[in-house]
Number of protein chains: 2
Amino acid sequence: MSAAIDLAVSTVIFALRPDAAGHLVLSIPLVRRTRDPFEGRWALPGGAADAAESLADTAARKLAETTGLSPAYLEQLYCFGEPDRSPSGRVVSVVYWALVRTDEAELAAEGENVAWFEADELPQLAFDHNLIVGYALWRLRTKLEYSRIAHAFLGPTFTLAELRQVHEIVLQKPLDPANFRRQIEASRAVVPTGQHVTGGRHRPPRLYRYDASVQLVDNGPLTSAGIR
Amino acid sequence: MSAAIDLAVSTVIFALRPDAAGHLVLSIPLVRRTRDPFEGRWALPGGAADAAESLADTAARKLAETTGLSPAYLEQLYCFGEPDRSPSGRVVSVVYWALVRTDEAELAAEGENVAWFEADELPQLAFDHNLIVGYALWRLRTKLEYSRIAHAFLGPTFTLAELRQVHEIVLQKPLDPANFRRQIEASRAVVPTGQHVTGGRHRPPRLYRYDASVQLVDNGPLTSAGIR
DNA sequence: TTTGTTCTGGTCACTCTGACCTTTACAGAA
DNA sequence: TTCTGTAAAGGTCAGAGTGACCAGAACAAA
């Protein structure tokens with residue numbers, strides 16, 4: 001008699017949201033648990049896997065149910081299955097990580113049992129969710145440096161200063177504007193639209209958009225997941 | 001009621017084995033299916049997840065049951081869960097990939113229903129296992145270039161020529177011996193034992209061993225998996 | 001017109017890499 | 001013993017990429 005193994009799907013959702021001082025910070029939404037185990041603790045949004053749905057679809061659906069948002073980027077993070085990770089029995093969790101656009105995140109649902117936290121200042125979470133978020137943070141920061149996922153936080157067009165700000169917030173370090181420009185242009189990831197943004201008390205920056213024809217160089221044969 | 005989802009664990013096992021001409025080639029062991037679906041087709045070794053065992057332990061156990069070997073390296077590859085990947089019902093497979101030492105692989109079990117195949121010349125496999133092996137191959141080749149996993153194919157001590165040969169076989173391209181030496185030495189991954197190998201009709205090469213005190217720089221917070 | 005700001009293009013030193021060359025040290029043949 | 005073939009080991013050199021830094025360009029506001 002193989003004892004039952006519960007299969008769950010959870011998602012680490014990243015967004016850039018303004019903090020109390022108005023500065024954008026990397027944030028994730030959490031859900032307060034309303035029953036044992038870990039009743040009252042905050043946890044990643046998720047739930048049981050659905051037999052009729054792909055795992056990625058389940059992750060996106062749970063994301064929408066808790067925040068009202070749709071992900072601009074969604075990728076599987078890891079499958080966590082240690083025997084003792086849940087006191088209520090054996091639970092294997094397939095965890096995804098997602099990026100949502102900054103302008104959409106402002107409209108995100110927030111209520112009694114759903115709240116946003118700064119990604120680097122989390123309380124003690126239910127289960128092994130602190131470990132999971134830590135791993136997701138590492139993957140986000142690592143992937144940001146060799147892949148081109150930062151634009152998932154932005155709209156269809158953006159300035160290089162906006163793109164650089166995303167990198168600076170996520171990587172938590174200042175970047176030289178001139179060198180950043182050189183690297184982005186060398187990667188051919190971005191093309192100028194020809195338009196400029198006026199209104200600033202300085203030289204008007206160019207508007208760019210991502211060049212979707214250039215392949216992402218990271219997912220190997222599993223390119224079906226990724227940018228939507 | 002939520003229909004059942006079967007949770008399985010499979011492993012892509014890599015080893016370097018001599019081909020008909022005696023040259024080492026990257027190979028994987030496969031198991032012939034003895035029942036539907038895909039009866040008669042070759043498939044990755046694996047089976048149902050065990051409720052009392054960690055996923056990695058299950059992967060290692062299945063590996064031992066089919067080949068009689070123990071992995072020198074074991075890492076989770078991906079969790080495959082598309083609804084239509086098995087005609088017999090919904091199956092979610094947590095897939096691991098493993099490296100076994102070349103000298104051990106020579107002793108591996110091989111029988112009616114277990115056989116080794118060259119990794120790049122596989123027949124049509126059961127389920128989505130061709131896709132899985134392709135992804136595992138991509139991960140192995142990618143990771144070999146920035147991490148230090150090649151020594152998992154070798155014994156505790158080795159020459160730089162042996163280490164280079166592992167890279168050349170896996171990456172399928174010749175490497176400049178002098179440049180390879182420079183890069184390995186710069187990485188500080190390896191330390192000379194002071195011994196030399198005699199017998200060759202040339203200058204005797206130094207013996208090296210891996211410096212276990214130098215951390216792997218790839219797994220993020222999940223360093224529990226990996227080299228054993 | 002002046003000033004403050006950021007955008008944008010550029011230089012320079014340093015590091016890393018691939019290509020290639022030379023010397024060293026052995027085994028085996030002459 | 002000497003010669004020869006082979007691979008180890010150590011080095012040079014040009015080109016690419018990066019971080020640090022500088023300077024002109026182009027706007028809004030004073």
Side-chain angles (χ1 to χ4, degrees), chain A residues 22-24 141-148 150-151 154 157-209 214 217-218, chain B residues 22-24 141-142 144-148 150-151 154 157-209 211 214 217-218:
Chain A
H23 299 103
L24 288 177
R141 286 173 175 146
T142 303
K143 197 148 192 173
L144 191 70
E145 295 194 293
Y146 72 87
S147 184
R148 310 187 276 112
H151 77 287
L154 302 171
T157 63
F158 46 86
T159 67
L160 285 190
E162 290 170 336
L163 189 63
R164 176 168 49 87
Q165 187 193 20
V166 170
H167 280 80
E168 288 179 335
I169 292 170
V170 173
L171 300 178
Q172 294 180 308
K173 64 180 178 186
L175 300 173
D176 183 272
N179 292 340
F180 183 79
R181 165 181 304 276
R182 193 211 314 160
Q183 283 180 292
I184 294 293
E185 285 177 345
S187 77
R188 301 232 152 268
V190 108
V191 288
T193 63
Q195 296 177 302
H196 292 256
V197 178
T198 55
R201 194 177 166 180
H202 50 75
R203 178 171 176 174
R206 294 194 190 114
L207 265 181
Y208 291 83
R209 62 176 173 78
V214 178
V217 284
D218 44 9
Chain B
H23 300 102
L24 289 177
R141 286 173 175 147
T142 304
L144 191 70
E145 295 194 292
Y146 71 87
S147 183
R148 309 187 278 111
H151 78 287
L154 302 171
T157 62
F158 45 85
T159 67
L160 286 190
E162 290 170 335
L163 189 63
R164 177 167 50 85
Q165 188 192 21
V166 171
H167 280 79
E168 288 179 335
I169 292 170
V170 173
L171 300 178
Q172 295 179 304
K173 63 179 180 188
L175 300 174
D176 183 274
N179 293 339
F180 183 79
R181 164 182 303 278
R182 192 202 338 171
Q183 282 180 294
I184 295 295
E185 285 177 345
S187 75
R188 304 229 149 269
V190 109
V191 288
T193 62
Q195 297 178 299
H196 292 256
V197 178
T198 55
R201 194 176 165 180
H202 51 75
R203 179 170 175 174
R206 295 194 190 114
L207 265 182
Y208 290 84
R209 60 173 175 79
D211 185 354
V214 178
V217 284
D218 45 9

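Naming: A, B, ... by sequence-line order, numbering from 1 per chain.
- Between the B/Ser187 side chain and the B/Ile184 main chain, a donor and an acceptor come within less than 3.5 Å of each other.
- A distance-only check finds a donor-acceptor pair linking the side chain of B/Thr193 to the backbone of B/Leu207 [under 3.5 Å].
- Side chain of B/Glu168 to main chain of B/Leu175: a donor-acceptor pair is present (N/O by atom type, distance under 3.5 Å, no hydrogens or angles).
- The phosphate of C/dT17 has OP1 or OP2 within less than 4.0 Å of a side-chain N or O from B/Gln183.
- Projected onto DNA chain D by closest heavy-atom contact, A/Gly199 and A/Arg182 fall at different nucleotides, the more 5' of which corresponds to A/Arg182.
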Between protein and nucleotides 23-25 of chain C, what N or O pairs are separated by less than 3.5 Å?
| residue | atom | partner | partner atom | Å |
| --- | --- | --- | --- | --- |
| C/dT24 | O4' | B/Arg203 | NH1 | 3.4 |
| C/dT24 | O2 | B/Arg203 | NH1 | 3.4 |
| C/dA25 | N3 | B/Arg203 | N | 3.0 |

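- What you find for B/Arg148 and B/Ala189 is that their closest heavy atoms are CD-CB, 2.9 Å.
- If you measure from atom CD of A/Gln195 to atom P of C/dC7, you get 17 Å, rounded to the nearest angstrom.
- The CZ atom of B/Phe180 sits 16 Å away from the P atom of C/dA19 (whole-angstrom rounding).
- Residue A/Arg206 places no side-chain N or O under 4.0 Å from the OP1 or OP2 atom of D/dA26.
- If you take CG on A/Leu171 and CG on A/Leu144, they are separated by 5.0 Å, rounding to the nearest 0.5 Å.
- For the pair B/Leu163 CG and D/dA8 P, the interatomic distance rounds to 12 Å; values are reported in whole Å.
- Put simply, B/Arg164 has a side-chain N or O that comes within less than 4.0 Å of OP1 or OP2 on D/dA8.
- Both A/Asp176 and A/Thr198 lie close to DNA chain D; mapped to their nearest nucleotides by heavy-atom distance, the more 5′-ward contact belongs to A/Asp176.
- Between A/Phe180 and A/His167, the ring center distance clears the sub-6.0 Å criterion.
- If you measure from atom CG of B/Leu207 to atom C1' of D/dA8, you get 13 Å, rounded to the nearest angstrom.
- When rounded to the nearest whole Å, the span between CD of A/Glu185 and P of C/dG10 equals 10 Å.
- Distance B/His167 NE2 to C/dG18 P: 12 Å, rounded to the nearest Å.
- A salt bridge is absent between B/Arg141 and B/Glu145; no separation between the charged side-chain nitrogens and carboxylate oxygens falls under 4.0 Å.
- A/Arg181 contributes no side-chain N or O that forms a donor-acceptor pair with the base of C/dG10 under 3.5 Å.
- Spacing between atom CG of B/Asn179 and atom P of D/dA8 amounts to 14 Å, rounded to whole angstrom units.
- Across all strands, B/Ala178 comes closer than 4.0 Å to base atoms (heavy-atom distances).
- When rounded to the nearest whole Å, the span between CD1 of A/Ile184 and P of D/dG17 equals 15 Å.
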